[in-house]
Amino acid sequence: MGFICTLIEFLSIFASALSIGLLAAIVFATFRRNCHVEAPAVFEDPNSLQPVTCPNILDPAEKYISLIIPAYNEEHRLPGYLDETLNYLQERASKDKSFTYEVVIVDDGSADGTKRVAFDFVKRYTVENVRVLLLGRNYGKGEAIRKGMLHSRGELLLMLDADGATKVTDLAKLENQIRAVALKERNSSAGDLTLRISDVPIAAFGSRAHLEDKALATRKWYRNFLMKGFHLVVLLAAGPGIRDTQCGFKMFTRAAARKLFTNIRLKRWCFDVELVYLCKIFSIPMIEISVNWSEIPGSKVNMFSIPNMLWELALMSLGYRTGIWTIHS
């Protein structure tokens, strides 16, 4: 009996010490994320081997739309999706001279031939239309997208995954909804005709929520359990509003991107949840739009991603709710 009491006492002390250590680690990591140490971003023209002037999200827009594609070890999936994407963009540009575009590929420290594949497309389409941003090492999808957004030139900025799970043609759905909201905003601003679409903060979230019933029927029970559990944690962390926070197909006006991506701190999978939270803080209208989506083999999300997601959600909750993370307007 004495041994059992001693064991229980030891386990209690161990659990308390572990909890205190975990809390201290979360607080320390939260303080570290309060500011970014920005390395200079460089675009290189592989045709001339000369650096290209790097734009900033605070600059006026030079293109109608920018597509930001984060890529980590995507040498096999990236070429097909880039071909599909650029064919669509070129077709639209040939029909509408005001439709100017750029594709920004952010290589998130890939160890395979992703960099080579990306630069091949720059050579084919010129650095004016396709650019590659090299991060040097793997930071995470959230950081790759943040960097791409901060150095893009579009009035509209679309983030999309390199796997091609969502058809690029669906960008028109998000674009049309943003234009409709921007038009209402212009009409409510005493018909200010100088107000451009890039000046109105709006966020459009591609959504797979309409496919949820089918997904539930085909997924393994433990994946459904994890998905439902994650949705509950997201609801507690960011609140209601967007049913599918994790779809990698999202569009922002330049004004919205300025506010969101100069503040975002999370670097990996949960940066999507932080985007929703920041939209609410800045009162940026959020539109959720159903998109076509298909399961593509080779997903980087697995069981080991769950602890990292929970860790980032804990950092976000502590950072914003205690004021450790200052918000720049």
Is Leu183 reachable from Ile287 through a run of hydrophobic residues whose side-chain heavy atoms are each under 4.5 Å from the next? no
Is there side-chain contact between Thr262 and Leu150, with heavy atoms separated by less than 4.5 Å? yes
Evaluate Ile69 against Leu160 for side-chain contact (heavy atoms from CB on, under 4.5 Å), listing each step before the verdict. CA-CA 5 Å; Ile69 303 177; Leu160 62 168; 3.8 Å; yes
Quiz question: by atom type and distance under 3.5 Å, do the side chains of Arg92 and Tyr88 form a donor-acceptor pair? yes
Which is it for Cys279 and Val276 under the side-chain contact (heavy atoms from CB on, under 4.5 Å) test, yes or no, and what are the steps along the way? CA-CA 5 Å; Cys279 280; Val276 173; 5.7 Å; no
Which pair of non-hydrogen atoms, one from Ser207 and one from Cys247, has the smallest distance, and what is that distance? N-SG, 4.2 Å
Under 3.5 Å: donor-acceptor pair, side chain of Arg153, backbone of Glu102: no
Using a 6.0 Å cut-off, check whether atom NZ of Lys173 has over 12 heavy atoms from anything other than its own residue. yes
Worked check of salt bridge (charged side-chain N to carboxylate O under 4.0 Å, His left out) between Asp199 and Arg254: CA-CA 7 Å; Asp199 298 328; Arg254 195 168 187 82; over 6 Å; no
Please check if the side chain of Glu274 supplies one atom and the backbone of Arg265 the other of a donor-acceptor pair under 3.5 Å. yes
Establish, for the pair Arg131 and Phe43, whether the NZ or CZ atom is under 6.0 angstrom from the six-membered ring centre and no further than 45 degrees off its axis. yes
Please walk me through it: do Leu156 and Thr253 pass side-chain contact (heavy atoms from CB on, under 4.5 Å)? CA-CA 5 Å; Leu156 297 175; Thr253 61; 4.0 Å; yes
Is it the case that over 12 heavy atoms from other parts of the model lie below 6.0 angstrom from the CZ atom of Arg179? no
Once rounded to the nearest 0.5 Å, what's the spacing between atom CD1 of Ile65 and atom CG of Leu89? 7.5 Å
Atom pair OG1/CZ of Thr126 and Arg124 - distance to nearest 0.5 Å: 12.0 Å
Check for a donor-acceptor pair, side chain of Asp170 on one end and backbone N or O of Asn292 on the other, with a separation under 3.5 Å. yes
Non-hydrogen side-chain atoms of Asn47 and Val127 separated by less than 4.5 Å: no
Return yes if some donor-acceptor pair links the side-chain N/O of Ser110 with the main-chain N/O of Asn73 below 3.5 Å, else return no. yes
Sub-3.5 Å donor-acceptor pair from the side chain of Asp272 to the main-chain atoms of Gln246, do we have one? no
State, yes or no, whether a side-chain contact exists between Ile105 and Leu78 at a heavy-atom distance under 4.5 Å. yes
Test item: Leu171 and Thr166 side chains (from C-beta on) under 4.5 Å apart, heavy atoms: no
In Å and rounded to the nearest 0.5 Å, what is the CD1 to CD1 distance from Ile178 to Ile289? 7.0 Å
Do Trp325 and Ile327 sit in the same hydrophobic cluster, where Ile, Leu, Val, Met, Phe, Trp and Tyr count as joined when their side-chain heavy atoms come under 4.5 Å apart? yes
Enter the distance from Asp108:CG to Asn138:CG here, rounded to the nearest 0.5 Å. 4.5 Å
CD of Glu155 to OG of Ser66: how many Å apart, nearest 0.5 Å? 10.0 Å
Leu134 side chain near Lys115 side chain, heavy-atom distance below 4.5 Å: yes
Could you check Phe261 against Phe252 for ring-ring contact (aromatic ring centres under 6.0 Å, His included), going step by step and ending with a plain yes or no? CA-CA 10 Å; Phe261 292 96; Phe252 309 90; 5.3 Å; yes
Where do Ile284 and Ala203 come nearest, in terms of heavy atoms and distance? CG2-N, 3.9 Å
Residues Leu135 and Ala144: closest non-hydrogen pair is CD1-CA, 3.8 Å
Is there a side-chain contact between Met251 and Leu157 (heavy atoms, below 4.5 Å)? no
Compute whether any side-chain donor of one residue and acceptor of the other, for Tyr64 and Glu175, lie under 3.5 angstrom apart. yes
Heavy-atom neighbours of Lys63 NZ exceed 12 at 6.0 Å: yes
Please lay out, stage by stage, how Phe249 and Met159 fare under the test side-chain contact (heavy atoms from CB on, under 4.5 Å). CA-CA 6 Å; Phe249 202 77; Met159 52 173 271; over 6 Å; no
Hey, are the side chains of Val181 and Val200 touching, using non-hydrogen atoms and a 4.5 Å cut-off? no
Mind telling me whether Tyr101 and Phe99 have parallel, tilted or perpendicular rings, with 30° and 60° as the class edges? tilted
Would you find a donor on one side and an acceptor on the other, under 3.5 Å apart, between the side chain of Asn87 and the backbone of Asp83? yes
Is the shortest heavy-atom distance from the side chain of Val168 to the side chain of Glu84 under 4.5 Å? yes
Minimum heavy-atom distance Pro70-Ile68, with the two atoms named: CD-O, 3.7 Å
Working for salt bridge (charged side-chain N to carboxylate O under 4.0 Å, His left out), residues Arg208 and Glu288: CA-CA 10 Å; Arg208 305 158 297 180; Glu288 189 167 15; over 6 Å; no
About how many Å separate CG of Leu174 and CD1 of Ile202, when rounded to the nearest 0.5 Å? 11.5 Å
Taking Glu74's backbone N and O only, do any of them form a donor-acceptor pair with Thr114's side chain (distance below 3.5 Å, no angle check)? yes
Let me see the working for Arg268 and Glu312 under salt bridge (charged side-chain N to carboxylate O under 4.0 Å, His left out), right down to the final yes or no. CA-CA 8 Å; Arg268 296 193 178 273; Glu312 289 205 320; 5.8 Å; no
Any donor-acceptor pair under 3.5 Å from Asp161 side chain to Asp163 backbone: no
Sub-3.5 Å donor-acceptor pair from the side chain of His151 to the main-chain atoms of Pro55, do we have one? yes
